[in-house]
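In what follows, a single structure is set out as structure tokens and then discussed.
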Amino acid sequence: MSGSALGKSLFRVWGRYEHSLRTRPLQTQMITSTVLWGLGDLFAQRIDGKHKHDKLRTLSTAAYGGTVIGPIGHFFYQGMDKVVTRYFKIGTIGFVLAKVLGDELLFGPVHVGGYFAWMTLAEGGSLQDVKNRIQQDFIPTFLAECLYWPFIQGVNFWKVPVKHQLLVVNTACLADSTFLSWAKAQDDWTKDLPLPSFMKGHGKQAAKDNSVVLATKEHSGESSQ
């Protein structure tokens, strides 16, 4: 296929996407999120070096993108734009910073915590498993997200129309969902990285501390008998 033919094909695809976004915005955002999050997990499994593709994991990740990130992101970015434009002029530094802070402080925690909860439950885990996973991985993962998203979202909120902002987010999520899927699949993704202590996972240490306490209690009980 020649370059011009490829360009025309991409232009037609974009035109159909624009039409779908105008006529069925929520459904379009959900479908886009489903596809891109599913691709992110495929990339994550390649990074893991898995010889056998975990289809359930990919389907669960895609479902999270489509049923959680798609609708929440659609309404969140539309709503945040309406609120921020009441107080700041569009395109100003204050306008962009307000949106970036709103995204990081409101959408970010829901995004990270929701992902770990969704995937843990989808894999048959209990609510206690969800709690353990979030205790272990939420803080380091959220901080890592804070290093990734502000620049992307700054450009996104500055230059991209509101109706396309979730598409930018979902495209950037190809890397982000790859990272989240990979992090979720590890026992403790922070343990082998040169990170500050406050970014290290806490779940395993808490479990270890609990084991020490229980062992001490058992030993004390045996000694008193």
message: Looking at Asn156 and Gln165, would you say the former's side chain and the latter's main chain have a donor-acceptor pair under 3.5 Å?
response: yes
field: Under 3.5 Å donor-acceptor, Trp118 side chain and Val68 backbone
entry: no
message: Less than 3.5 Å apart, any donor N or O on the side chain of Asp103 or Gln153 sitting next to an acceptor on the other?
response: yes
field: Flag, side chain of Tyr148 to backbone of Ala172, donor-acceptor distance under 3.5 Å
entry: yes
message: Can you tell me how far apart OG1 (Thr171) and NE2 (His164) are? Round to the nearest 0.5 Å.
response: 11.0 Å
message: Any non-hydrogen side-chain atom of His74 less than 4.5 Å from a side-chain atom of Pro71?
response: no
task: Spell out, as yes or no, whether a donor-acceptor pair under 3.5 Å connects the side chain of Thr141 to the backbone of Phe138.
output: no
query: Do His111 and Trp37 make the cut of ring centroids closer than 6.0 angstrom?
result: yes
task: Drop me the distance from Gln27's CD to Gln29's CD, to the nearest 0.5 angstrom.
output: 10.5 Å
- line: Output for pair (Glu123 CD, Arg57 CZ), nearest 0.5 Å, gives 7.5 Å
Non-hydrogen side-chain atoms of Val130 and Phe116 separated by less than 4.5 Å: no
task: Nearest 0.5 Å please: distance from the OG1 atom of Thr32 over to the CG atom of Leu166.
output: 7.5 Å
- prompt: Same cluster for Leu21 and Val35 if Ile/Leu/Val/Met/Phe/Trp/Tyr side chains link at under 4.5 Å?
  reply: no
- prompt: Would Val13 end up clustered with Phe11 when hydrophobic side chains under 4.5 Å apart are linked, directly or stepwise?
  reply: no
field: Ile93 CD1: over 12 foreign heavy atoms closer than 6.0 Å
entry: no
query: Going by distance alone, is a donor N or O of one side chain under 3.5 Å from an acceptor N or O of the other, for Asp41 and Thr58?
result: yes
- prompt: Are any non-hydrogen side-chain atoms of Phe75 and Leu26 less than 4.5 angstrom apart?
  reply: yes
- request: Please confirm whether Tyr64 and Tyr115 have ring centers closer than 6.0 angstrom.
  value: yes
- prompt: CG/Leu106 to NZ/Lys99 distance, rounded to the nearest 0.5 angstrom?
  reply: 13.5 Å
- prompt: Do Tyr17 and Trp14 have ring centroids that are under 6.0 Å from one another?
  reply: yes
message: Would you say Ile90 ends up clustered with Val84 if hydrophobic residues are merged whenever their side chains have heavy atoms under 4.5 Å apart, either directly or through other cluster members?
response: yes
- prompt: Would you say the side chain of Ile69 lies within less than 4.5 Å of the side chain of Val169, judging by non-hydrogen atoms?
  reply: no
statement: With sequence neighbours left out, the residues meeting ring pair (Phe, Tyr, Trp, His ring centres under 6.0 Å) with Trp149 are none
- prompt: Going from CG on Leu56 to CE on Met119, what distance comes out if it is rounded to the nearest 0.5 angstrom?
  reply: 7.5 Å
query: Is a donor on one side and an acceptor on the other found under 3.5 Å between the side chain of Gln45 and the backbone of Asp54?
result: yes
query: Where does the angle between the aromatic ring planes of Phe107 and Tyr77 fall among parallel (under 30°), tilted (30 to 60°) and perpendicular (over 60°)?
result: tilted
Distance-only donor-acceptor check, side chains Gln128 and Asn132, under 3.5 Å: yes
message: Donor-acceptor pair, distance only, cut-off 3.5 Å: does the side chain of Thr85 make one with the backbone of Lys82?
response: yes
- prompt: Pro150 and Glu145: which non-hydrogen atoms are nearest, and at how many Å?
  reply: CD-O, 4.1 Å
